[in-house]
Amino acid sequence: MNDLTAPLAVAGAGLSGAVIARELALAGYSVHVFEQRPHVAGNCHTKRDPATGIMEHCFGPHIFHTDRPEVWSYVQQFSTFQPFVNRVKAIAGHRVYTLPINLLTINQFFQKTFSPEAARHFIAAQALPRNNEPRSFEEQALQWIGAPLYEAFFKGYTQKQWGVDPAQLPASILQRLPVRFNYDDNYFTHPYQGMPTHGYTALVERILQHPQIHVHLNQTFQRPQQNAFRHVFYSGSLDAWFAHQAGHLRYRTLDFHREVHQGDFQGNAVINYCDADVPWTRISEHKHFSPWETHTATVIYREYSRAAAPGDVPFYPLHLLEDKSLLHTYVQLADQEKNITFIGRLGTYRYLDMDKCIAEALQTAKICRAALQADQPLPLWSAPPL
Ligand code: UDP
């Protein structure tokens, strides 16, 4: 449609959709946001449990961390943040270690008292030579830390998490995690890290609070509705826009088995279970995500990963060869579309952290604002999926 006065539509009220909606509303556009769920905030949705008073991360742990000062100051506009450092523990071979792998992990695992330099030499002697660019998760791990640490901490967990042999997975998944030769046990390396005081849903609600933004909960944006809008920003699954006509893009989904206990269940927010014979991947204890609060009861989620079936919540896109070729088909179909921008984790079929979603949404909104003002075509993607 060419009606320049027509409103804009955003499908999906997760971080990507909310930030784009706000930036375009601030530029004077009227924006309708359609969200199929009964709440905003997508998979970072949080909810205070009425029985225990604990703030739950309903779709699993979300810890805000970034190295982008502009993203950190952007989110501060909508919520205060409490200091939070993610210090993950991992159980492997019935023993508890610290994760990411650091000097304590190495010393405990090998029962040594290495200095940083000695540990570096020891691990280098176990690692495979780095004479080629690693082609898979497994190759990356073997070149990085060698077989004993790989098998204890990564092999079983990764098999459970992704449902395939790590030799089939891209190296980029492991590149998310550091290996340290000191006692730093902060899971993330970013300089900014924290938790929104009243949860992520309150934060996203604030982003969407603007007189030019109209949020429609419990409404799935349907393709024919596109005609009523000047442009659509679509953060649903790319293949869903095309009614899965070429097949389903594959995702891993998570099942959370929720339990309520008294006191302290595990003494930490996240404990990973690395052994293949334990069926869950990790247990999160949600009151420890809000250490500034006090609760007598406790809520835990045991997390199980499996292939997403139609109707399941998609979490992690698979990026094996066959997924790439199906993705390529959808990218070609998308090339034929007009007046739509595919955005965010699901719209571009990528494994995206929250800060990256926000950074990309801000950048996309900036480009789109200029294009709308100049009456030029808007980009098809917030970032290319391939
Ligand atoms: N991973 C692992 N063992 C662990 C933690 C992570 O093998 O104890 C691997 C696993 O393949 C996982 C990847 O490292 O998918 C990235 O981990 P991250 O903690 O970033 O995953 P997320 O929190 O996004 O699920």
Side-chain angles (χ1 to χ4, degrees), residues 15 42-44 57 59-66 84-102 104-106 108-109 134 136-142 144-180 185-190 193 250-256 266 268-284 289 301-308 313-320 345 350-357:
L15 280 172
N43 279 3
C44 63
H57 292 214
F59 298 93
H62 282 77
I63 295 123
F64 199 88
H65 58 95
T66 187
F84 184 86
V85 178
N86 196 24
R87 302 188 195 280
V88 175
K89 298 288 169 269
I91 297 183
H94 308 287
R95 295 174 69 102
V96 186
Y97 299 94
T98 192
L99 206 81
I101 291 175
N102 70 8
L104 187 63
T105 324
I106 295 168
Q108 288 186 332
F109 186 78
S136 69
F137 184 104
E138 184 168 86
E139 253 183 45
Q140 169 85 59
L142 292 174
W144 216 3
I145 50 169
L149 289 174
Y150 163 65
E151 277 163 19
F153 293 101
F154 295 119
K155 194 171 179 182
Y157 187 100
T158 299
Q159 175 77 45
K160 290 189 285 185
Q161 170 77 359
W162 294 96
V164 288
D165 194 290
Q168 285 177 265
L169 285 169
S172 58
I173 294 175
L174 184 61
Q175 285 156 2
R176 291 170 57 82
L177 295 183
V179 173
R180 301 206 185 102
D185 64 350
N186 183 349
Y187 199 69
F188 301 113
T189 44
H190 287 160
Q193 187 173 174
R250 292 191 303 172
Y251 283 92
R252 299 293 289 173
T253 192
L254 299 174
D255 294 323
F256 300 106
Q266 62 180 14
N268 200 39
V270 181
I271 298 190
N272 288 3
Y273 286 77
C274 300
D275 297 320
D277 58 356
V278 177
W280 54 88
T281 50
R282 54 187 177 187
I283 297 180
S284 46
F289 291 126
Y301 286 13
R302 252 175 246 272
E303 206 168 305
Y304 299 78
S305 171
R306 63 175 168 82
V313 177
F315 281 83
Y316 302 92
L318 271 148
H319 271 277
L320 307 187
R345 185 175 63 88
R350 285 175 308 146
Y351 187 177
L352 280 185
D353 286 337
M354 291 184 285
D355 67 320
K356 187 94 191 292
C357 285

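Note that the structure is predicted; figures quoted are calculated from it, not measured. Remember, it's 1-based here, ligands and their atoms both numbered in the order they're listed. Computation of the quantities below employed the complete heavy-atom set of this structure, encompassing side-chain atoms and omitting hydrogens, waters and symmetry-equivalent molecules. For reference, positions follow the sequence shown, starting with 1.
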Test item, Leu174 contacting ligand 1 (heavy atom, 4.0 angstrom): no
Among non-hydrogen protein atoms, atom 9 (C) of ligand 1 lies closest to Thr158 OG1, 3.7 Å
Looking only at protein heavy atoms, what sits closest to atom 25 (O) of ligand 1 is Tyr316 OH, 2.5 Å
shortest atom 21 (O) of ligand 1-to-protein heavy-atom contact is with Tyr351 OH, 3.1 Å
Ranked by distance from atom 4 (C) of ligand 1, the top protein heavy atom is Asn272 ND2, 3.4 Å
Looking only at protein heavy atoms, what sits closest to atom 13 (C) of ligand 1 is Ile173 CG2, 3.6 Å
Atom 20 (O) of ligand 1 has as its nearest protein heavy atom Arg176 NE, 2.8 Å
*Is the His57 ring parallel, tilted or perpendicular to the His62 ring (thresholds 30°, 60°)?*
tilted
With heavy atoms and a 4.0 Å threshold, my read on which part of Cys274 contacts ligand 1 is side chain
shortest atom 15 (O) of ligand 1-to-protein heavy-atom contact is with Trp162 NE1, 2.9 Å
Heavy-atom proximity to atom 17 (O) of ligand 1 ranks first, among Tyr187, Tyr157, Phe315, Phe153, for Tyr187
Exercise. Does His94 use its side chain to pair, donor to acceptor, with the backbone of Ala92 at less than 3.5 Å?
Worked result: no
| Looking only at heavy atoms of Arg282, does any of them come nearer than 4.0 Å to an atom of ligand 1? | yes
Report task. Hey, can you tell me if Trp280 and Tyr273 have their rings parallel, tilted or perpendicular (30° and 60° cut-offs)? Result -> perpendicular
Within the 4.0 Å heavy-atom cut-off, what Leu99 brings close to ligand 1 is side chain
CD1 of Ile91 to CZ of Phe153, rounded to nearest 0.5 Å, is 11.0 Å
Review point. side-chain contact (heavy atoms from CB on, under 4.5 Å) between Lys89 and Asp185: does it pass, once the steps are laid out?
Key: CA-CA 9 Å; Lys89 298 288 169 269; Asp185 64 350; 4.0 Å; yes
Item to complete: Decide whether an N or O pair under 3.5 Å exists between Ala90 and ligand 1.
Response: no
Closest non-hydrogen contact found for Arg87 with Asn186 is NH1-N, 4.1 Å
Here the pair of heavy atoms bringing Glu138 nearest to Tyr150 is OE2-OH, 2.7 Å
Discussion item. Check whether Lys160 reaches the backbone of Asp275 with its side chain - one donor and one acceptor, N or O, closer than 3.5 Å.
Written reply: yes
Taking only non-hydrogen atoms of Gln161 and a 4.0 Å limit, the atoms of ligand 1 in range are 15 (O), 25 (O)
* Is there a donor-acceptor contact under 3.5 Å from the side chain of Arg302 to the main chain of Pro279? -> no
Looking only at protein heavy atoms, what sits closest to atom 14 (O) of ligand 1 is Leu177 CD1, 3.6 Å
N/O donor-acceptor pair under 3.5 Å between Arg345 side chain and Phe315 backbone: yes
